[in-house]
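Within every chain, numbering begins at 1; the chains are lettered A, B, ... in the order of the sequence lines, protein sequences first and strands thereafter. In this text the structure is predicted, and so the values were computed from the model without any measurement.
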Number of protein chains: 2
Amino acid sequence: MPYSLLKENIKKYVEISNEELDTICSFFKPQIIKKKEFLLTQGDIYKFEGFVIEGCFRVFTIDKKGNENVLYFASKDWWVMDIDSFMNQKPSHLNIQALEDSKVFLIHRTNKLALYESLPIVEKLFRVMSQKALVAWQRRLIRNNTYSARERYLHFTSTYPNIATKLTDKQIASYLGITHEFLSKIKKQA
Amino acid sequence: MPYSLLKENIKKYVEISNEELDTICSFFKPQIIKKKEFLLTQGDIYKFEGFVIEGCFRVFTIDKKGNENVLYFASKDWWVMDIDSFMNQKPSHLNIQALEDSKVFLIHRTNKLALYESLPIVEKLFRVMSQKALVAWQRRLIRNNTYSARERYLHFTSTYPNIATKLTDKQIASYLGITHEFLSKIKKQA
DNA sequence: GAATAAAGTTGAACAAGTTCAACTCAAAGA
DNA sequence: TCTTTGAGTTGAACTTGTTCAACTTTATTC
């Protein structure tokens with residue numbers, strides 16, 4: 001099983017032994033998600049945390065008017081989860097859908113909780129991971145408040161060129177918080 | 001020293017013994033910050049993490065044009081920090097300023113790192129805290145993308161009435177990502 | 001208590017982004 | 001291969017929010 005991608009990812013966050021890595025990886029099971037299939041549908045209680053090996057996912061909400069709003073995209077080497085639903089075992093507000101045939105490693109909640117108990121480094125791993133993610137979300141919020149739609153678009157495509165090419169303009173617009181019609185006009189004059 | 005507020009706050013995140021609480025608290029030192037004084041100025045490297053006992057702070061960035069953008073407010077019972085600068089010891093992008101005479105408990109980075117090592121529950125505490133914060137930031141981003149300025153204003157004032165009353169409209173507008181002139185117009189027709 | 005600075009208000013002109021509708025084009029399904 | 005579906009484009013009218021400037025009101029400061 002090619003756990004190397006996951007192992008390298010974890011090593012970016014913490015210093016960790018090979019034994020510990022093997023233990024952690026042993027709880028992650030591969031799963032194929034076909035294009036357009038859902039890893040999570042809102043209302044469900046999320047029981048798995050995922051790490052993307054291949055393909056791409058979109059994580060999005062649907063508001064009362066039925067508008068979809070993309071929270072983030074997760075492609076190879078990204079984590080994908082609904083922390084709120086996973087932690088508190090309450091119905092999710094999020095939807096997670098494969099944009100192409102994808103492969104993820106999933107860890108069941110029970111196993112993750114056990115790992116927290118048995119392997120202290122796992123607490124640190126997810127503490128550091130969460131803190132880094134927090135910083136990224138704060139930055140994104142500041143960008144949303146200070147950049148124009150055009151600037152946000154250019155920032156996104158230059159920061160995540162690999163992901164951007166996999167996406168339709170509709171999906172990118174939804175991530176940027178604008179209509180796809182307006183994105184089309186932005187691109188024309190870019 | 002009235003550590004009870006800090007202790008109660010910590011107990012919201014983890015189950016913890018009184019001995020452990022006492023150990024943690026022993027590293028937090030009280031400090032008075034006068035109105036308009038700064039706990040952190042951008043460019044500085046952040047060496048302390050804070051927990052607010054009294055008063056209120058605004059955490060904000062300043063962009064190239066000189067516009068201030070409020071990331072969040074922290075009043076009594078809130079944590080105040082620049083995780084990025086604190087974790088990686090690099091110059092901060094943030095400013096943290098007291099909006100009124102305030103009191104915080106500060107823990108020095110050295111002591112916090114030592115606590116992570118010596119007391120495993122501290123890893124868990126900040127892991128859970130970060131994950132909860134992450135969820136809150138994700139929600140706020142979704143709100144910013146889906147709510148109008150007026151809806152955001154009403155949401156803020158009804159969710160944080162205690163904080164909102166301490167703030168000027170200029171500060172609230174900056175938090176909402178709109179001009180204070182426009183907020184004034186929103187309030188008129190509200 | 002006067003002077004000054006800062007916060008808040010208002011209006012007019014403007015810019016950014018949305019909505020709706022009609023259309024084109026490419027891709028996927030039967 | 002034909003059909004259908006969905007993505008992307010464009011324009012006109014509209015709404016939301018900004019900018020700038022002038023003004024009023026409320027806090028600070030000396």
Side-chain angles (χ1 to χ4, degrees), chain A residues 34-38 55-56 58 60 62-70 73 95 97-101 141-157 163-190, chain B residues 34-38 55-56 58 60 62-70 73 95 97-101 141-157 163-190:
Chain A
K34 290 252 173 83
K35 183 171 180 173
K36 292 189 180 173
E37 283 183 356
F38 284 79
C56 191
R58 64 194 258 262
F60 64 102
I62 304 177
D63 65 21
K64 314 109 205 172
K65 294 177 202 158
N67 294 320
E68 296 183 356
N69 192 277
V70 173
F73 300 104
N95 301 276
Q97 185 185 31
L99 295 176
E100 47 187 58
D101 291 353
L141 198 117
I142 292 286
R143 275 198 305 278
N144 273 326
N145 278 357
T146 57
Y147 285 22
S148 68
R150 189 162 178 280
E151 288 170 323
R152 262 139 57 207
Y153 171 69
L154 295 174
H155 178 272
F156 177 70
T157 51
I163 296 184
T165 51
K166 295 183 175 191
L167 305 173
T168 64
D169 282 358
K170 236 175 165 173
Q171 289 157 355
I172 295 176
S174 172
Y175 174 88
L176 297 175
I178 58 175
T179 60
H180 68 281
E181 292 97 330
F182 189 56
L183 177 55
S184 174
K185 287 163 196 175
I186 287 172
K187 291 180 74 176
K188 196 184 171 190
Q189 56 152 198
Chain B
K34 289 249 173 85
K35 184 171 180 172
K36 292 191 181 174
E37 283 183 357
F38 285 79
C56 190
R58 64 195 257 263
F60 65 102
I62 304 177
D63 66 21
K64 314 108 206 173
K65 294 176 202 156
N67 294 320
E68 296 183 356
N69 192 276
V70 172
F73 300 103
N95 302 276
Q97 185 185 31
L99 296 176
E100 47 186 60
D101 290 354
L141 198 119
I142 292 286
R143 275 198 304 277
N144 273 324
N145 278 356
T146 58
Y147 285 22
S148 68
R150 188 161 178 281
E151 290 170 322
R152 262 140 58 208
Y153 171 68
L154 295 174
H155 179 271
F156 177 71
T157 51
I163 297 184
T165 51
K166 295 183 176 193
L167 305 172
T168 65
D169 283 357
K170 235 177 167 173
Q171 289 158 354
I172 295 176
S174 172
Y175 174 89
L176 297 175
I178 58 175
T179 60
H180 68 281
E181 292 97 331
F182 189 57
L183 177 55
S184 175
K185 287 162 197 176
I186 286 173
K187 291 179 74 177
K188 196 183 171 189
Q189 57 154 197

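- Between the side chain of E37(A) and the main chain of K34(A), a donor-acceptor pair closer than 3.5 Å is present.
- A salt bridge is absent between E151(B) and R143(B); no separation between the charged side-chain nitrogens and carboxylate oxygens falls under 4.0 Å.
- Taking only side-chain atoms of T168(A), from C-beta outward, the nucleotide of dT9(C), dA7(D), dG17(C) with the closest atom is dA7(D).
- Put simply, CD1 on I172(A) is 12 Å from C1' on dA7(D), counting in whole angstrom units.
- When distances are taken from the side chain of S184(B) to each of dT19(C), dT10(C), dG17(C), the shortest belongs to dT10(C).
- Set against dA21(C), dG17(C), dA21(D), the side chain of E181(A) has dA21(C) as its closest nucleotide.
- When distances run from any side-chain atom of K188(A) to the nucleotides dT9(C), dT10(D), dT18(D), the shortest one goes to dT10(D).
- The separation between H180(B) atom NE2 and dA21(D) atom C1' is 12 Å, rounded to whole Å.
- Counting only heavy atoms from C-beta on, K185(B) has its side chain closest to dG11(C) among dT16(D), dG11(C), dA7(D).
- In this structure, CG of L183(B) is placed 9 Å from P of dG8(C), rounded to the nearest angstrom.
- Protein atom CD1 of I186(B) is 6 Å distant from nucleotide atom P of dG17(D), rounded to whole Å.
- For E151(B) and dT15(D), the CD to P distance is 16 Å, given to the nearest whole Å.
- Summarising the geometry, the separation between CG on D101(A) and C1' on dA28(C) is reported as 14 Å, rounded to the nearest angstrom.
- Side chain of S148(B), nearest nucleotide from dT10(D), dA7(D), dG17(D): dG17(D).
- With R152(A) as the partner, the side-chain contact (heavy atoms from CB on, under 4.5 Å) test is satisfied by one option alone out of L176(A), T157(A), T146(A): L176(A).
- Heavy-atom minimum distance, E68(A) versus S174(A): O-OG, 3.2 Å.
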Extract from the structure each pairing of a protein N or O with an N or O of nucleotides 26-30 of chain D at less than 3.5 Å, listing the distance.
unit_1  : atom_1 : unit_2 : atom_2 : d
dT28(D) : OP1    : K35(B) : NZ     : 2.9

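- To the nearest angstrom, P of dG8(D) lies 7 Å from NZ of K187(A).
- Side-chain proximity of K170(B) to the nucleotides dA7(C), dA16(C), dG11(D) is greatest for dA7(C).
- For the pair R150(B) and Y153(B), the cation does not sit on the ring face, since its NZ or CZ is not both under 6.0 Å from the ring centre and inside 45° of the axis.
- A side-chain contact (heavy atoms from CB on, under 4.5 Å) with C56(B) holds for exactly one of E100(B), Q97(B), K35(B); it is E100(B).
- For dT18(D), one of the phosphate oxygens OP1 or OP2 lies less than 4.0 angstrom from a side-chain nitrogen or oxygen of T179(B).
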**Prompt:** Going through the distances and angles, do D63(B) and N69(B) end up as a side-chain contact (heavy atoms from CB on, under 4.5 Å)?
**Reply:** CA-CA 8 Å; D63(B) 66 21; N69(B) 192 276; over 6 Å; no
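- Rounded to a whole Å, the CG atom of D169(A) is 17 Å from the P atom of dC25(C).
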